[in-house]
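Structure first, then comments.
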There are 2 protein chains.
Amino acid sequence: MRVLVEVAVFTVRDRRLDVLLARGPGAAWLLPAGSVENGEPVDIAAAAAVRDVAGVRGITMEQLFTFDRPPDAVCVAHLALIDAGRHPLSPGPDVADVRWFPHDDLPTLADGQDAALGYGLSRLRAKTAYAPVAVNLLPELFTLGEMQAVYEVLLGRELDSRNFRRDVLAAGVVEESGEVRAEGRGRPARLYRSAGGHFAVDARERRVARQISSGDDPPA
Amino acid sequence: MRVLVEVAVFTVRDRRLDVLLARGPGAAWLLPAGSVENGEPVDIAAAAAVRDVAGVRGITMEQLFTFDRPPDAVCVAHLALIDAGRHPLSPGPDVADVRWFPHDDLPTLADGQDAALGYGLSRLRAKTAYAPVAVNLLPELFTLGEMQAVYEVLLGRELDSRNFRRDVLAAGVVEESGEVRAEGRGRPARLYRSAGGHFAVDARERRVARQISSGDDPPA
DNA sequence: GCAAAAGTGTTCTTTGTACACCCATGG
DNA sequence: CCATGGGTGTACAAAGAACACTTTTGC
């Protein structure tokens, strides 16, 4: 049997949640994908697929699910989150075109890829509940306003900035860099960086976070 | 590459959480496992493995994770929950012995199976938080006391029976059968059956349950 | 009649949610 | 000087956790 990999790569740009798609010459749009060579670790193969298709390296990934790909393959789907600003796209050799699409306005994908992408999206939203996913979608230094905006895009609703700031700071997932950034008009914002650790945006979530020091994430 | 399947099968018996293991003649203890034939759906192969090894059929399973199995295979691990009372074990042709082991007192397993089993256990406990997993571990009719005992074993702590009963009934995951069972001394208990739907044992959990009508479970 | 398990409500504490104003800068 | 986004604390509402006694049966 053949073992394939594919990766649902998400980013947040311009207050939109985008998905990375590529296509070969004359072909349909696809998630970055590849196959696993004999003996190669699956996660390495998935990272290689993203590198070869889009020229993006060094991103962290999480395994999602293994789908059947009749007639003779299985496909291990992965989820990746990146800051598009730090990872410019460069199409690989067999790729005619690679670009970001708004997650709610996608071209038609190959059979089965819808499932992987949909599952990736729901897992991403679920993770919002107990992991500081936003830091994976932001530059090294970011303002709390930017971080809040990412969560608002992921959750599809507005958050109260006072509660948001209180909770993020209390959770200790970010630390002040000491720097400040003035961006156009308005008071300059403090810049933070990730400090590791778990975090949950609201209610149902914070509680879970507390008890899930390790638990729901895939092993190894 | 070869694609293998293995299944961590759990049950609760006698206030203990047990795991199903099998061994071939003279060989080590293993999780029920098999390989995926060309074109066969992975979940079917996993069900077949449990049937062939232990003679148990018709159980529901959930995919957990796909592990590397160097040098030339991957293994798709699954989680299954059954009521041991309704599924007597009968060793398959290549199996010398198959039996239940307490989850915290296991023999040495083959490399990699520890990971699958450990992940299965943590997923099982995590699911306690938002799914009525106990009904998969109980007979068709059961008392609330038995159900509570299952949760206590899974969570490793005692629950308050008044809160437990209130919450289970309010969640609507069980319905009265109208029957009653007297078991030795003590007041006879009402018998319930599963009514579908989600349920959470406590706090952190109930809230999550409410918002996860669909979300965290694998697709398809 | 007593030991053993089933069944039933209320109070208090913790957590979440809603909310309004002053501050620093650019134009 | 005003428009824009950043930054701060409190009061109310909801949910969770803790808790004791009565009922029904077998022995």
Side-chain angles (χ1 to χ4, degrees), chain A residues 14-15 128-130 134 138 141-153 155 157-171 174-193 198-212, chain B residues 14-15 128-130 134 138 141-152 155 157-171 174-192 198-212:
Chain A
D14 196 24
R15 303 234 160 197
T128 289
Y130 57 86
L138 290 166
L141 296 180
F142 50 86
T143 70
L144 292 189
E146 291 166 341
M147 189 175 180
Q148 180 176 340
V150 168
Y151 277 103
E152 289 177 339
V153 169
L155 296 171
R157 67 186 159 102
E158 301 206 332
L159 300 172
D160 180 281
S161 70
R162 286 162 293 190
N163 294 336
F164 181 82
R165 303 172 73 88
R166 162 171 43 73
D167 296 344
V168 172
L169 295 173
V174 296
E175 57 190 22
E176 281 198 52
S177 69
E179 300 172 63
V180 146
R181 179 175 47 197
E183 187 174 12
R185 50 196 158 286
R187 173 173 172 173
R190 298 177 192 161
L191 290 171
Y192 294 81
R193 71 168 60 83
H198 282 295
F199 160 70
V201 181
D202 80 327
R204 17 184 170 281
E205 301 166 355
R206 217 164 307 136
R207 318 201 119 209
V208 176
R210 225 177 303 132
Q211 109 161 356
I212 301 186
Chain B
D14 197 24
R15 304 234 160 197
T128 289
Y130 57 86
L138 290 167
L141 295 180
F142 50 86
T143 70
L144 292 189
E146 290 166 342
M147 189 175 178
Q148 179 175 341
V150 169
Y151 276 104
E152 288 177 339
L155 296 171
R157 67 188 159 99
E158 302 207 332
L159 300 172
D160 180 279
S161 70
R162 287 163 292 189
N163 293 336
F164 182 81
R165 303 171 74 88
R166 165 169 42 72
D167 296 344
V168 172
L169 294 174
V174 296
E175 57 188 22
E176 281 198 53
S177 70
E179 298 173 64
V180 146
R181 178 174 53 203
E183 188 174 14
R185 50 194 156 290
R187 173 174 174 173
R190 298 177 192 161
L191 289 170
Y192 294 81
H198 283 295
F199 161 70
V201 180
D202 80 329
R204 20 187 167 279
E205 300 165 357
R206 216 162 309 138
R207 319 200 117 210
V208 177
R210 227 177 301 133
Q211 109 162 356
I212 301 185

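Treat the numbers as computed from the prediction; the structure is a model and nothing was measured. By convention in this document, chain letters (A, B, ...) are assigned in the order of the sequence lines, proteins followed by strands, and residues within each chain are numbered from 1.
The nucleotide whose nearest atom lies closest to any side-chain atom of A:P188 is, among C:dA24, D:dG7, C:dC19, C:dA24. In this structure, the nucleotide among D:dG7, D:dA17, D:dT10 sitting nearest to the side chain of A:A189 is D:dG7. The side chain of B:R162 lies closest to C:dT8 when the candidates are C:dT8, D:dT24, D:dA18. When distances are taken from the side chain of A:R185 to each of D:dG26, D:dT24, C:dG26, the shortest belongs to C:dG26. Residue B:R187 has its side chain nearest to C:dG7 when only D:dC19, C:dG7, C:dC23 are considered. Each of D:dG7, C:dA6, C:dA24 was ranked by its minimum atom distance to the side chain of A:R190; first place goes to D:dG7.
Atom CG of B:L159 and atom P of D:dC19 are 15 Å apart (whole Å). One can place CD of A:Q148 at 9 Å from P of D:dG6, the figure rounded to the nearest angstrom. If you measure from atom CD of B:E176 to atom C1' of C:dT8, you get 14 Å, rounded to the nearest angstrom. Going from atom CZ of A:R181 over to atom P of D:dG7 covers 11 Å, rounded to whole Å. As a whole-Å value, the separation of B:N163 CG from C:dA6 P is 16 Å. Summarising the geometry, the separation between CZ on B:F142 and C1' on C:dA6 is reported as 16 Å, rounded to the nearest angstrom. If you measure from atom CZ of B:F164 to atom P of D:dA17, you get 14 Å, rounded to the nearest angstrom. Note: CD (B:E158) to P (D:dC19) measures 13 Å, nearest angstrom.
We find that A:E146 and A:R181 are joined by a salt bridge, their nearest charged nitrogen and carboxylate oxygen being less than 4.0 Å apart. A:E175 and A:R193 are joined by a salt bridge, as a carboxylate oxygen and a charged side-chain nitrogen come within less than 4.0 angstrom of each other.
Once rounded to the nearest 0.5 Å, the distance linking CD of A:E179 with CZ of A:R190 reads 14.0 Å.
With a 4.5 Å cut-off on side-chain heavy atoms, A:M147 and A:Y192 do not count as touching. When side chains are defined from C-beta on, B:L191 does not count as touching B:V180, because their heavy atoms never get closer than 4.5 Å.
With the nearest nucleotide of DNA chain D identified for both A:G186 and A:L144, A:G186 has the one nearer the 5' end.
Among the atoms of the strands shown, base atoms are found under 4.0 Å from some heavy atom of A:R165. As judged by a 4.0 angstrom heavy-atom cut-off over every strand, B:A182 is placed among residues making no nucleic acid contact.
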